[in-house]
Each structure stands twice: as structure tokens, then as C-alpha cells.
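Below, read A as the first sequence line, B as the second, and so on, with proteins coming before strands; counting in each chain starts at 1.
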Amino acid sequence: DGIGDSHDEL
Amino acid sequence: MNIFRLLGDLSHLLAIIVLLLKIWKTRSCAGISGKSQILFAIVYTSRYLDLVTTYISAYNTFMKLIFVVAAYATVYLMYIKFKATYDHNHDTFRMEFLVIPSLILALLINHELTVLEVLWTFSIYLESVAILPQLFLVSKTGEAESITSHYLFALGSYRGLYLLNWVYRYYAEDHYDLIAIVAGLVQTVLYCDFFYLYITKVLKGKKLQLPA
């Protein structure tokens, strides 16, 4: 988790 | 997915539906800031570019599509279909005062200096302040229709519920994203004054009217 994660929120 | 995030998304969805229905049923967009709606269209366009690169879930894809399409539909209704009812004399907030600083900040503070990531960050920063033209319009006219107040309450609640989601995810999943958290805090704080008026006036059946 953290930097460069895909953004799974809206 | 947790309950706060789901409620936040549903609250966001409700806000969008309320706004579209209000405009459609009354054939009027009086009292609504077209500037805020254009900013939201920019926000969701730049945030959801990952629709074409990353698949997360059917829910995620579906909601993103709804938010983007609804944003453009609202702009279309305001600037084309019901243009005559648009309150442009009062909707005078300058969009560039929000877009340019958000873009500069996104270039300076981001998780990764790539096009998609900077655009995502830009959308988060811009979303946090995109409601300002609408709040400015309400303060200029000194009042808001009840339905507009319900829209604003649902829209404001959405990021507030996301704050709870982030607290939950921090403890449950050890996941946090400082950019989203700080911007979400700013976004929610901007609504505080409105929330106060909504609870003390609109919920008691009165019109939202600002003190002279």
C-alpha cells in the first residue's frame, strides 16, 4: 500500500 | 468496501440525481452554479481516466461512468437546454482561481510524477474547492431553494463519509492516502457553515436564508 497504488476509491 | 464508503458513494449518487431531477422537473437551473458544475465535470474527467487503464470492479466502473456522464449531462442542461434560466449574473466566481492553483499544487505535491497520477491529484485538489462558486452564488443571492439545499447536503455528506472511510481503512487495512485525506478535510470543512444552516433551518421546514 502507499505510493503508486491504483486508486480504488471514487 | 466498507459501510462509510458505500454510504458516501450513495450520498454522492443521490446528490447528482436530486440535482438532475430538480433541473428536469422545474425546467430551470435557477440558483445552481454552472461554474461548479463545469468544475465537477473537469474533476471527474481527470480522475476517471484510469477507466481505460485499470479495472478495479464492476461497481467501481459503473459508478465512475455514472458520475462522469451525470456531470456532463448537468452542464448540458444548464448551458444548452435550459440556458435561459441560468443565473449567470450571480454566478461570477472565476474558475481559473481554482483550476490553476490546483494544477500547480498537483504538479508539486503528488505520489508520482506521471500524467495519470498528476491528473488524479489535480482532480482531488480541484474537487475539494469546486463547490465554492455554488456557495458564493448562494451567499450572493442570500438564499437557496430547499431542493438545492438537499443537493448541497447530500454532496457535502459524501466527502464527510469518506473521512470516516479513511479512518476505518487506516485501522482495518493499514491503508491511507494523505493527499486524499487532507483534501477531503478541506472539502468537508468548506461545507460546515452550510451544514449548520441546513440543520437549523431547512430541516425545520424553513427556507435557507442567510442573515442580511
Side-chain angles (χ1 to χ4, degrees), chain A, chain B residues 1-2 4-6 8-13 16 43-44 46-51 53-57 59-68 110-114 116-117 119-121 123-124 127 158-159 161-163 165-166 168-170 172-181 183-184:
Chain A
D1 269 341
I3 293 166
D5 251 354
S6 64
H7 303 292
D8 61 339
E9 291 172 349
L10 293 166
Chain B
M1 177 63 75
N2 57 63
F4 304 115
R5 203 161 142 197
L6 181 64
D9 292 343
L10 292 179
S11 176
H12 189 185
L13 192 61
I16 289 170
V43 163
Y44 299 118
S46 49
R47 183 171 317 162
Y48 298 153
L49 290 171
D50 67 352
L51 267 174
T53 61
T54 317
Y55 176 79
I56 293 167
S57 66
Y59 170 83
N60 189 279
T61 302
F62 176 74
M63 293 297 252
K64 282 176 175 171
L65 285 173
I66 295 270
F67 291 156
V68 174
N110 53 56
H111 291 310
E112 201 176 54
L113 201 58
T114 60
L116 274 186
E117 194 60 29
L119 284 172
W120 177 86
T121 314
S123 84
I124 294 288
E127 185 192 349
Y158 135 69
R159 222 49 177 176
L161 287 160
Y162 256 76
L163 290 178
N165 156 58
W166 291 321
Y168 176 87
R169 291 191 78 180
Y170 178 75
E173 301 167 26
D174 214 18
H175 169 96
Y176 69 98
D177 184 328
L178 268 185
I179 288 176
I181 292 170

Side-chain donor or acceptor of Asp8(A) paired with backbone N/O of Ile56(B) under 3.5 Å: no

Close side-chain approach of Leu10(A) and Tyr59(B), heavy atoms under 4.5 Å: yes

Top of Lys64(B), Met1(B), Met63(B), Arg5(B) for chain A proximity - count of heavy-atom pairs under 4.5 angstrom: Arg5(B)

Toward chain A, the part of Asn60(B) with a non-hydrogen atom under 4.5 Å: both

Structural part of Tyr44(B) lying under 4.5 Å from a heavy atom of chain A: neither

Validation row: Glu9(A), Asn165(B) side chains within 4.5 angstrom (heavy atoms): yes

Flag if over 12 foreign heavy atoms under 6.0 Å of OH, Tyr170(B): no

